[in-house]
Amino acid sequence: MPELPEVEVCRRGLQPEVEGQTILGAVVRSPRLRLPLSATLGETLAGQRVAAVRRRGKYLLLDCRGGVEDGCLIIHLGMSGSLRFVPFATPPGKHDHVDIVFAGQILRFADPRRFGVVLWQAAGEAPHPLLAVLGIEPLGDEFTADWLFAATRRRAAPIKPLLMDSHLVVGVGNIYASESLFRAGISPLRAANRISRERYGQLVPAIRQTLSDAIAAGGSSIRDYVHSDGGAGCFQVECAVYDRAGEPCRRCDGVVRQVRQGGRSTFYCAACQH
DNA sequence: CCGACAACCTGTGAGC
DNA sequence: TGCTCACAGGTTGTCG
């Protein structure tokens, strides 16, 4: 479910609940995820104090201190993952794979499709390979039109799948790639190296704005559970093109089209986007 | 190095 | 109602 905004909303929901709190232990019901879960996660996490809740791309990072070894709990929600707080003794559902137990409540990780990841990274180890290959943060200072223009000079692939390549830029998933390109008036089919520097000057702010708006829209209703349903976020923001094939464009009297790129659905308005 | 594609896994909705 | 198929918000690995 989650792209960058959903993960960031999740992080903000998590932070006030767990920062400074001590983890009593963890329960692993099913270790089968995208990468196998450590069998000793419970012992590793027991007694850890959560020093900070950070985000890198779509990865949540819980910095931990004071257990058997300092380190970082890395969580990725994959396509269908979610985190929520539940009271003690709440019976686990079919896809509730991991519990992280705090003094007053349980942080429960569920993931029907098992594309998610829960990993322990010990302090002092080399950065985990999953994180080491990540590109730059789209809401960070480095993400500029000049940078994106330079990074795409040798890329003949269509711009939309490139925006979704986390080795280049992190966090832009299938929904927000389509939405950002609509906002910038750029066709998702256009070769990345045939987009001018000036038009990247439109695209970069469009991506930032699209992500920021989505974070702001999702950021309202967080309290005792962690929001990770991008669908709900999308309803709140009202998508311009995503999942609106055949429906009227919101900007002109055209119709939203759907095509397939890299095995994923892309939505756009051929009249508004070139 | 680049780009296209299959694969991982489970659930859901559409169509017959 | 029940079956089958296509598709779903991510990422990696393989192949040409």
**Asked** Going from CG on A:L4 to CD1 on A:I175, what distance comes out if it is rounded to the nearest 0.5 angstrom?
**Response** 12.5 Å
**Prompt:** Taking OH from A:Y242 and P from C:dG10, how many angstroms apart are they, rounded to a whole number?
**Reply:** 8 Å
**Request:** Give A:R264 one of three labels, base, sugar-phosphate or nothing, depending on what nucleic acid heavy atoms sit under 4.0 Å from its own.
**Result:** base
**Asked** Mind checking what makes salt bridge (Lys or Arg N to Asp or Glu O under 4.0 Å) contact with A:R244, not counting sequence neighbours?
**Response** A:E247
**Message:** When you measure from the side-chain N and O atoms of A:H76 to the phosphate of C:dT11, is any distance below 4.0 Å, counting only OP1 and OP2?
**Reply:** yes
**Message:** Restricting to salt bridge (Lys or Arg N to Asp or Glu O under 4.0 Å), what partner residues turn up for A:R54, sequence neighbours left out?
**Reply:** A:D63
**Asked** Rounded to whole angstroms, how far apart are CG on A:L35 and P on C:dT11?
**Response** 12 Å
**Message:** Applying ring-ring contact (aromatic ring centres under 6.0 Å, His included), can you list everything that pairs with A:Y200, at least two apart in sequence or on another chain?
**Reply:** none
**Message:** Taking atom types as they are modelled, would you say the side chain of A:R114 forms a donor-acceptor pair with the base of B:dC9 within the 3.5 Å cutoff?
**Reply:** no
**Message:** Taking ring-ring contact (aromatic ring centres under 6.0 Å, His included) as the definition, give me every residue that meets it alongside A:H76, ordered by chain and number, with sequence neighbours left out.
**Reply:** A:Y59
**Prompt:** So how far is it from A:R199 CZ to A:I159 CD1, rounded to the nearest 0.5 Å?
**Reply:** 10.5 Å
**Message:** Taking the nucleotide of DNA chain B with the nearest heavy atom to each, does A:H95 or A:R34 sit closer to the 5' end?
**Reply:** A:R34
**Message:** Taking 4.0 Å as the cut-off, does a side-chain nitrogen or oxygen of A:K94 come that near to OP1 or OP2 on B:dT10?
**Reply:** no
**Prompt:** Is there a stack between A:F115 and B:dC8, judged by ring centres under 5.5 Å and planes under 30°?
**Reply:** yes
Tabulate protein N/O versus nucleotide N/O from nucleotides 2-6 of chain B, keeping only pairs under 3.5 Å, one per line.
residue : atom : partner : partner atom : Å
B:dG3   : OP1  : A:A156  : N            : 2.6
B:dG3   : OP1  : A:A157  : N            : 2.9
B:dG3   : OP2  : A:R155  : NE           : 2.4
B:dG3   : OP2  : A:R155  : NH2          : 2.9

**Identified stems (criterion: three or more consecutive Watson-Crick or G-U pairs, under 3.5 Å), DNA chain C** = B:2-8 with C:10-16, B:10-16 with C:2-8
**Message:** Does B:dC1 have OP1 or OP2 under 4.0 Å away from a side-chain N or O of A:R153?
**Reply:** no
**Item:** Listed nucleotide nearest any side-chain atom of A:P112, set B:dG11, C:dG10, C:dT12
**Value:** B:dG11
**Asked** Closer than 4.0 Å, any side-chain N/O of A:S265 to the OP1 or OP2 of C:dA8?
**Response** yes
**Item:** Nucleotide B:dC8, atom C1' - distance to CG of A:D111 in whole Å
**Value:** 12 Å
**Complete:** So the side-chain hydrogen bond (donor to acceptor under 3.5 Å, both in side chains) pairs with at least one residue in residues 183-194 of chain A (sequence neighbours excluded) are A:R183-A:T210, A:R183-A:D213
**Message:** In whole Å, I'd like the distance from the OH atom of A:Y59 to the C1' atom of C:dT11.
**Reply:** 7 Å
**Request:** Starting from P on B:dT10, measure out to CG on A:L33 and report it in whole angstrom.
**Result:** 11 Å
**Span that lies between the P atom of C:dA6 and that of B:dA6, in whole angstrom** = 13 Å
**Message:** Quick check for you: among B:dC9, C:dC7, C:dT12, whose closest atom lies nearest to any side-chain atom of A:R32?
**Reply:** B:dC9
**Message:** Rounded to whole Å, please give me the gap between CG in A:L130 and C1' in C:dT11.
**Reply:** 9 Å
**Fill in**
Residues at least two apart in sequence or cross-chain that pass side-chain hydrogen bond (donor to acceptor under 3.5 Å, both in side chains) with A:R114, listed by chain then number, are A:S30
Contacts under 3.5 angstrom, residues 117-128 of chain A side chains, donor-acceptor by atom type, not counting sequence neighbours:
residue : atom : partner : partner atom : Å
A:W120  : NE1  : A:E69   : OE2          : 2.9
A:Q121  : OE1  : A:H128  : N            : 2.9
A:Q121  : NE2  : A:A126  : O            : 2.8
A:H128  : ND1  : A:L130  : N            : 3.0

**Request:** Measure the distance from CG on A:D165 to P on C:dG10 and round it to the nearest whole Å.
**Result:** 12 Å
**Whole angstrom value for the distance that separates C1' of C:dG10 from CG of A:L134** = 12 Å
**Item:** N-O pairing of A:E6 and A:K58 below 4.0 Å
**Value:** no
**Prompt:** Using a cut-off of less than 4.0 Å, is there contact between a side-chain N or O of A:R113 and OP1 or OP2 of B:dA7?
**Reply:** no
